[in-house]
2 protein chains.
Amino acid sequence: MVDVTELKQVARAPREIAESPSFLAKRIGMIAKEKTVAAFEEAGAVPFAYAVLAVLAQGACATQATIADVLRYDRSYLVGLLDELEGDGLIERRRDVNDRRRHVVSLTKAGQKELDRLRGIVGEVDAELLASLTGAERKTLQGLLARLAAAHDPRYAS
Amino acid sequence: MVDVTELKQVARAPREIAESPSFLAKRIGMIAKEKTVAAFEEAGAVPFAYAVLAVLAQGACATQATIADVLRYDRSYLVGLLDELEGDGLIERRRDVNDRRRHVVSLTKAGQKELDRLRGIVGEVDAELLASLTGAERKTLQGLLARLAAAHDPRYAS
DNA sequence: TATTGTTATACTCTATAACTATA
DNA sequence: TATAGTTATAGAGTATAACAATA
């Protein structure tokens with residue numbers, strides 16, 4: 001038995017904000033980020049690990065500068081992330097024999113295996129995020145988001 | 001005359017990231033945020049000002065706690081924001097006569113005028129964000145985003 | 001002189017804890 | 001004792017500046 005008058009009313013966002021595409025995009029993006037961080041943490045991983053491993057999996061050989069450019073991280077910021085991944089045995093850093101300033105970064109076998117595992121987590125997050133949509137609606141949304149990303153960020157050009 | 005071989009090739013995001021709805025949502029959300037911040041800065045304003053003023057415009061009278069709940073800010077974080085808005089003469093804080101612990105926050109005339117101005121900026125950002133879509137596509141996207149927001153955040157329930 | 005990776009530092013945004021005045 | 005607002009502090013994430021090795 002609950003006294004309804006004591007149920008705290010949920011505060012509502014202003015309609016003009018709840019209807020603005022840019023505010024909605026920011027909110028959905030934050031929800032996606034929160035879900036991603038939570039899912040990776042539960043799996044004993046960190047989101048940036050997936051991103052770095054995915055970059056290494058698609059490109060032949062990568063220097064730290066190219067990885068940083070793809071992920072839009074500062075090169076100095078990437079150093080610590082790679083240190084962590086290297087410490088876990090997921091990546092390797094070797095000097096480029098043609099240009100000894102460069103490090104050639106590559107996936108280890110353990111890194112490839114970890115990437116496969118993390119892909120499963122990303123799939124679960126995607127499914128959970130879009131759970132309230134039909135299959136057709138999910139395709140539509142994905143297509144529209146991909147077009148917007150391509151329009152505003154050359155890294156997402158198709 | 002440009003030597004094409006010197007044009008730096010744009011680094012491409014891994015396909016599995018560029019196709020993931022959650023990663024796309026995060027990216028679009030960040031783009032929306034960057035555009036919003038830039039547009040407000042150019043107009044001599046800050047994004048949180050619009051959000052706070054919009055909350056005050058829709059609700060009758062608001063205490064600081066309710067404003068913080070709607071915007072999901074910590075109450076202590078909100079204090080400094082309101083200080084700034086009050087310093088600019090956009091809002092007023094008065095003691096609640098029925099409960100002297102509370103501040104009743106309300107829009108001033110200048111605040112209402114500023115809100116009208118900022119609404120124009122939000123409209124421009126929305127238009128710019130969706131510029132590459134048709135009118136029908138914009139409506140579709142807005143509807144899908146609104147449904148996702150409602151599904152994951154009670155403040156956006158319809 | 002310019003570039004790659006590195007280290008150290010600073011800044012922004014937000015979360016936490018402790019305090020006051022009221023209830 | 002509990003709550004509203006406030007102050008001060010701490011943390012995560014990222015950006016900036018300076019540096020050594022190499023080109």
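Keep in mind that this is a model prediction, so the values were computed, not measured. Every chain is numbered from 1 and lettered A, B, ... according to where its sequence line falls, protein lines coming before strand lines.
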Partner set under side-chain hydrogen bond (donor to acceptor under 3.5 Å, both in side chains) for B:Gln142, not counting sequence neighbours = none

ask   = Which pairs with one or both residues in residues 72-116 of chain B pass ring-ring contact (aromatic ring centres under 6.0 Å, His included), sequence neighbours excluded?
value = B:Tyr73-B:Tyr77

message = Please encode protein proximity along nucleotides 7-18 of chain D as a string of B, S and -, counting only heavy-atom distances under 4.0 Å.
response = B-----SB-BB-

task = Could you name each residue pair satisfying ring-ring contact (aromatic ring centres under 6.0 Å, His included) that touches residues 122-158 of chain A, not counting sequence neighbours?
result = none

inquiry  = B:Asp83: which residues meet the side-chain hydrogen bond (donor to acceptor under 3.5 Å, both in side chains) condition with it, sequence neighbours left out?
reply    = B:Arg93

task = In whole angstrom, give the distance that lies between atom CD of A:Gln64 and atom P of D:dT22.
result = 15 Å

ask   = Taking CG from B:Asp69 and P from D:dT3, how many angstroms apart are they, rounded to a whole number?
value = 13 Å

ask   = From the 5' end of DNA chain C to its 3' end, which nucleotides mark the outer limits of contact with chain A, defined by a 4.0 Å heavy-atom distance cut-off (strictly under)?
value = C:dA2 to C:dT7

message = By the side chain to side chain donor-acceptor pair (under 3.5 Å) test, which pairs, at least two apart or in different chains, include something from residues 38-53 of chain B?
response = A:Glu16-B:Tyr50

note = Residue set satisfying side-chain contact (heavy atoms from CB on, under 4.5 Å) with B:Ala127, at least two apart, ordered chain then number -> none

task = Kindly state which residues belonging to residues 93-101 of chain A come within less than 4.0 angstrom of DNA chain C, counting heavy atoms of the residue only, listed by number.
result = A:Arg93, A:Arg101

key: For B:Lys33, all residues meeting side-chain hydrogen bond (donor to acceptor under 3.5 Å, both in side chains), sequence neighbours excluded   = none

key: By side-chain contact (heavy atoms from CB on, under 4.5 Å) - contacts of B:Glu92 (at least two apart)   = B:Arg94, B:Ser106, B:Thr108

query = Looking at B:Lys113 and B:Asp116, does any basic side-chain N land under 4.0 Å from a carboxylate oxygen?
reply = no

key: Partner set under side-chain hydrogen bond (donor to acceptor under 3.5 Å, both in side chains) for A:Arg102, not counting sequence neighbours   = none

